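Quantities reported herein were computed from a predicted structural model and do not represent experimental measurements. Naming convention: chains lettered A, B, ... in sequence-line order (proteins, then strands); numbering from 1 in each chain.
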2 protein chains.
Amino acid sequence: MANRSDTKTRILDAAEKLFAERGFSETSLRLITSKAEVNLASVNYHFGSKKELIRAVLARYLDVFMPAAADAIVAVRQENANASLDAIFSTLVAPLLDLNQLRAEGTTTFLQLLGRGYIESQGHLRWFITTHYGEYLGLFVNAVAESAPHIPPAEMFWRLHFTLGTVVFTMASADALTEIAEADFGEHNDIEAVIRKVIPYLSAGVSVPLTKDVI
Amino acid sequence: MANRSDTKTRILDAAEKLFAERGFSETSLRLITSKAEVNLASVNYHFGSKKELIRAVLARYLDVFMPAAADAIVAVRQENANASLDAIFSTLVAPLLDLNQLRAEGTTTFLQLLGRGYIESQGHLRWFITTHYGEYLGLFVNAVAESAPHIPPAEMFWRLHFTLGTVVFTMASADALTEIAEADFGEHNDIEAVIRKVIPYLSAGVSVPLTKDVI
DNA sequence: GTTTAATTTAAACGAGTGTTTTAAATAGAT
DNA sequence: ATCTATTTAAAACACTCGTTTAAATTAAAC
């Protein structure tokens, strides 16, 4: 067969779509290769294993998003050293939406992949992300911590994981939720609308004073 | 072999532990039956299928928790018709901790199972929970909604799912998180401590005024 | 105590998985 | 055009999974 557009790319494109929709372990290599119209063995030839394919799919997004997000955060903090928590979270909106220019439905796909990645795959994707993109994560965590200086580090640790849970769960089931919301309340939400809904929720939770302080 | 303590119960006990630790699809029937020291086929004999075993494991907790939680909420609202959001969420703490008297590590196991249930199993557990325990869920949703009357229903729908995400994700990975927290910050948190951390976070997020209102 | 029903056992089934192998086809370099 | 390395192709491998079957055992009923 003639050399049609890069087998490797065809695999990645088909895989990311299916992974986002159905999760990693629920997506077989046979399904991916049939959608991509390539041979089954080509996955192991080009990527070595399914595990490495999953990492490659995520890396293709993270390599674009992480530097862009880091730049945006640095820029915001240069403008305003006391940027609010809302402002820090909002900084991520543009880099997220820019992924739609990278690929169709890029933003949704990326966020769903991220959700699947943290939920499934007992730790190996967590490890991959924190070791390969740890500096970016640290930058973000610092920015959040300094925007809520009244929250001690140990408490912030928990609250950021609460936040991670909110984002990851919401995005992994975003499609189902928007459908229900449309059916029950008649309001249509695209991915940007959902992101803009979640930001105030997150910053309120992260920055709420400790109960000891209140009493 | 002599009639040792109920095969059915042995299966349920082994299954709930493994399901909570590793998730449903990552736990094979062979692993369950070997831990329970029963024959492989007895699962299908007593429960019909793996899917029905999963439901039975969850039902054993939900049948205890849901009525207890509903009673607690009704009681709190009778005492104080204007109970705060924090009070509504806190109402669930006692019924949750009471599960530790039902079985060892009952609270943690139940919350982890709930998390796995909503994350995995593309919808069939969601359906099972909402159809079998929908009245209890409705009671809770109403209590929350009336404690935050400034949040319109459509917005509340989203925020409650954000909340669900926080709880589900946190609990599904509670073991890993408490370990990290202990290693990094030297503070030990049992399941009750985590629950008490998450409540102010949740009520702050759910009740935060809409951004339109603020501007 | 015999018969009947309920339960446990061991073995196999059939379908699905990721991966490997071996050969054929294609591309690029000389 | 020939040689070499890369890529694609079809098939088989080795394994795990949930489920089913049919015989053996145990418990219950009469």
Side-chain angles (χ1 to χ4, degrees), chain A residues 1-59 113 116-117 119-125 128, chain B residues 1-59 113 116-117 119-125 128:
Chain A
M1 174 165 290
N3 189 13
R4 69 299 173 76
S5 62
D6 209 9
T7 304
K8 218 166 161 176
T9 306
R10 295 178 65 86
I11 294 173
L12 287 170
D13 289 344
E16 76 168 37
K17 191 154 181 277
L18 292 167
F19 284 154
E21 282 172 2
R22 319 157 44 100
F24 300 114
S25 63
E26 300 297 318
T27 304
S28 71
L29 294 183
R30 282 168 178 81
L31 182 59
I32 293 171
T33 52
S34 76
K35 287 270 181 191
E37 297 180 66
V38 300
N39 188 272
L40 168 62
S42 58
V43 172
N44 286 283
Y45 176 78
H46 284 288
F47 297 95
S49 67
K50 184 182 180 180
K51 220 175 241 185
E52 289 173 78
L53 170 63
I54 294 173
R55 288 207 279 253
V57 165
L58 259 107
L113 286 172
R116 304 281 187 190
I119 285 170
E120 284 190 54
S121 65
Q122 58 288 14
H124 92 262
L125 267 182
F128 171 73
Chain B
M1 175 166 290
N3 190 12
R4 70 295 169 85
S5 62
D6 209 9
T7 303
K8 220 166 159 176
T9 305
R10 295 178 64 87
I11 294 174
L12 287 170
D13 289 344
E16 77 169 36
K17 191 153 179 277
L18 292 166
F19 284 154
E21 282 171 0
R22 319 157 44 101
F24 301 112
S25 64
E26 301 297 319
T27 304
S28 70
L29 293 183
R30 282 168 177 82
L31 182 59
I32 293 171
T33 52
S34 76
K35 287 271 182 192
E37 297 182 65
V38 300
N39 188 273
L40 168 63
S42 59
V43 171
N44 286 284
Y45 177 77
H46 284 289
F47 297 95
S49 68
K50 183 181 181 181
K51 220 175 241 184
E52 288 173 77
L53 170 62
I54 294 174
R55 288 207 279 253
V57 165
L58 259 110
L113 287 172
R116 304 281 187 189
I119 285 170
E120 286 190 53
S121 65
Q122 59 287 13
H124 92 262
L125 268 182
F128 171 73

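We find that CG of B:Asp6 is positioned 13 Å from C1' of C:dT8, with the value rounded to whole Å. Distance B:Asn39 CG to D:dA23 C1': 13 Å, rounded to the nearest Å. In this structure, B:Ile11 places its CD1 atom 13 Å from C1' of C:dT9, rounding to the nearest Å. Note: CZ (B:Phe47) to C1' (D:dT20) measures 18 Å, nearest angstrom.
Residues passing the side-chain hydrogen bond (donor to acceptor under 3.5 Å, both in side chains) test with A:Ser25 are A:Glu120, sequence neighbours excluded. Listed by chain and number, the residues in a ring pair (Phe, Tyr, Trp, His ring centres under 6.0 Å) with A:Phe128 are A:His132 (sequence neighbours excluded). Under the rule for a side-chain contact (heavy atoms from CB on, under 4.5 Å), the partners of B:Ser42 that lie at least two apart in sequence or sit in another chain are B:Thr7, B:Ile11, B:Val38, B:His46.
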Using residues 12-21 of chain A as the side-chain source, report each donor-acceptor pair under 3.5 Å to any protein atom, sequence neighbours left out, with the distance given to one decimal.
{"unit_1": "A:Asp13", "atom_1": "OD1", "unit_2": "A:Arg60", "atom_2": "NH1", "d": "3.2"}
{"unit_1": "A:Asp13", "atom_1": "OD1", "unit_2": "A:Arg60", "atom_2": "NH2", "d": "2.9"}
{"unit_1": "A:Glu16", "atom_1": "OE1", "unit_2": "A:Arg60", "atom_2": "NH2", "d": "3.1"}
{"unit_1": "A:Glu16", "atom_1": "OE1", "unit_2": "A:Arg103", "atom_2": "NE", "d": "3.4"}
{"unit_1": "A:Glu16", "atom_1": "OE2", "unit_2": "A:Tyr61", "atom_2": "OH", "d": "2.8"}
{"unit_1": "A:Glu16", "atom_1": "OE2", "unit_2": "A:Arg103", "atom_2": "NE", "d": "3.2"}

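When the side-chain nitrogen and oxygen atoms of A:His46 are compared with OP1 and OP2 of D:dT8, one or more of them lie within a distance under 4.0 Å. Listed pair A:Thr7 / D:dT7 fails the phosphate criterion, with no side-chain N or O lying under 4.0 Å from OP1 or OP2.
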Starting at the 5' end of nucleotides 17-22 of chain C, put B wherever the base has a protein heavy atom under 4.0 Å, S where only the sugar-phosphate does, and a dash everywhere else.
BBBBB-
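For B:Leu113 against B:Phe24, the heavy-atom pair with the smallest separation is O-CZ, 4.0 Å.
Screening residues 44-54 of chain B for salt bridge (charged side-chain N to carboxylate O under 4.0 Å, His left out) gives no qualifying pairs among residues at least two apart or on separate chains.
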